[in-house]
Amino acid sequence: MRSALCLVAAFSVALSGCAGLQPRQGAVKHHRSYAAYWELLVTTDRFAATKNCRLRARNGEAFVDGAAIAFVFPKGWNTQGAIYRTGGDAPRRWREDLPEILRIGAPMDRGSVENPAQGLVWIPLRRLDGVNAIEIQPQPGKAARIFRFHGMKGLYQSALSQGCIPVSRTVK
């Protein structure tokens with residue numbers, strides 16, 4: 001029995017010295033960029049030849065997925081009746097943007113039938129052109145919150161220039 005254990009131990013020591021079995025160092029690279037309230041994480045996997053980007057507010061209150069942005073409220077809140085306004089525009093229900101949000105591929109399948117949005121309010125990025133903030137009332141009777149975009153648009157362009165569209169699904 002003891003000789004069998006010695007043989008197993010010797011075999012494992014021999015294998016650990018084989019260069020082919022050692023993990024390659026530096027196969028996955030992470031690069032973080034910051035601008036004001038926002039962070040861009042670019043993950044490059046040389047082995048799989050993939051690049052993934054995640055663009056999010058540094059405080060975790062928003063993240064970009066493709067051509068849409070999600071604003072985060074408590075997960076238990078049903079935000080289906082949320083209303084937003086940008087600049088001096090009239091208030092708009094985010095559900096009016098639902099056909100466009102689905103067309104651009106935002107991951108809407110997060111919640112249950114009773115609370116499908118799971119506290120998220122999705123807005124197409126094109127609705128934020130030319131504005132620096134958005135005001136969102138997540139539920140009727142709740143106070144509206146202001147979210148700012150300082151730095152987000154520059155980081156989004158940086159991701160695109162690196163051949164990467166920010167998504168939340170692959171990195172989250």
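Worth knowing before you read on, the calculation uses all heavy atoms, side chains too, and leaves out hydrogens, waters and symmetry mates.
- Under the 4.5 Å side-chain criterion, counting only non-hydrogen atoms from C-beta, Asp97 is in contact with Tyr84.
- Grouping the Ile, Leu, Val, Met, Phe, Trp and Tyr side chains by contacts below 4.5 angstrom, directly or via other members, places Trp38 with Ile136.
- Arg85 and Pro91 get closest at one heavy-atom pair: NH2-CD, 3.8 Å.
- Atom CG of residue Leu160 and atom CG of residue Leu55 lie 9.5 Å apart, to the nearest 0.5 angstrom.
- Put simply, the side chain of Trp77 reaches to within 4.5 Å of the side chain of Gln139, judged on heavy atoms.
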Exercise for the section: Check the pair Glu61, Arg145 against salt bridge (Lys or Arg N to Asp or Glu O under 4.0 Å), reporting the backbone distance first and the verdict last. Expected result: CA-CA 11 Å; Glu61 293 182 345; Arg145 288 179 48 198; 2.9 Å; yes
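- When every heavy atom of Ala68 is checked against every heavy atom of Ile104, the shortest pair comes out as CB-CD1, 3.8 Å.
- Considering all non-hydrogen atoms of both residues, Val42 and Cys53 come closest at CG2-SG, 3.8 Å.
- Taken from CZ in Arg32 to CG in Leu40, the straight-line distance is 10.0 Å, to the nearest 0.5 Å.
- In this pair, Phe71 and Phe147 present their aromatic rings tilted. The plane angle is within the 30 to 60° band.
- Connection of Trp122 to Leu128 is established within a shared hydrophobic cluster, with ILVMFWY side chains joined at heavy-atom distances below 4.5 Å, either directly or through further cluster members.
- Both Leu155 and Leu125 belong to a single network of hydrophobic side chains, linked directly or stepwise wherever heavy atoms of I, L, V, M, F, W or Y lie under 4.5 Å apart.
- Linking ILVMFWY residues whenever their side-chain heavy atoms come closer than 4.5 Å, directly or via other members, leaves Ile83 and Leu98 in distinct clusters.
- The shortest heavy-atom contact between Val121 and Ala82 is CG2-CB, 3.7 Å.
- Note that OG1 of Thr44 is 9.5 Å distant from NZ of Lys29, once rounded to the nearest 0.5 Å.
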Handout entry: Leu120 and Phe73: CA distance, side-chain angles, deciding distance, side chain to side chain contact (heavy atoms under 4.5 Å, CB included) verdict
Key = CA-CA 6 Å; Leu120 299 179; Phe73 293 92; over 6 Å; no
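- A distance of 9.0 Å separates CD1 in Ile101 from CZ in Arg127, rounded to the nearest 0.5 Å.
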Practice task
In sequence, state the C-alpha distance, the side-chain angles, and the governing distance for Glu39 and Arg58, and then conclude on salt bridge (Lys or Arg N to Asp or Glu O under 4.0 Å).
Solution key: CA-CA 6 Å; Glu39 170 189 40; Arg58 292 169 75 176; over 6 Å; no
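- Between Pro166 and Asp65, the closest side-chain pair of non-hydrogen atoms is not below 4.5 Å.
- The shortest distance between side-chain heavy atoms of Val28 and Phe47 does not fall below 4.5 Å.
- Two residues are said to be in side-chain contact when any heavy atoms from C-beta on lie closer than 4.5 Å; Arg95 and Gln80 meet this criterion.
- Closest approach of Arg126 to Glu100, counting heavy atoms only: NE-OE2, 2.7 Å.
- Ring-plane geometry between His150 and Tyr37 is classed as tilted, the angle between the planes lying from 30 to 60 degrees on a 0 to 90 degree scale.
- Taking NE2 from His31 and NZ from Lys51, the interatomic distance works out to 10.5 Å, rounded to the nearest 0.5 Å.
- Taking OH of Tyr156 as the reference point, atom OG of Ser161 lies at 12.0 Å (rounded to 0.5 Å).
- Val131 and Ile134 fall within a single hydrophobic cluster, where Ile, Leu, Val, Met, Phe, Trp and Tyr side chains are chained together by heavy-atom contacts under 4.5 Å.
- Proximity of Val64 to Met152: side-chain heavy atoms (C-beta onward) are separated by under 4.5 Å at one or more points.
- Looking at every heavy atom in both residues, Ile165 comes nearest to Gly66 through CG2-CA, 3.7 Å.
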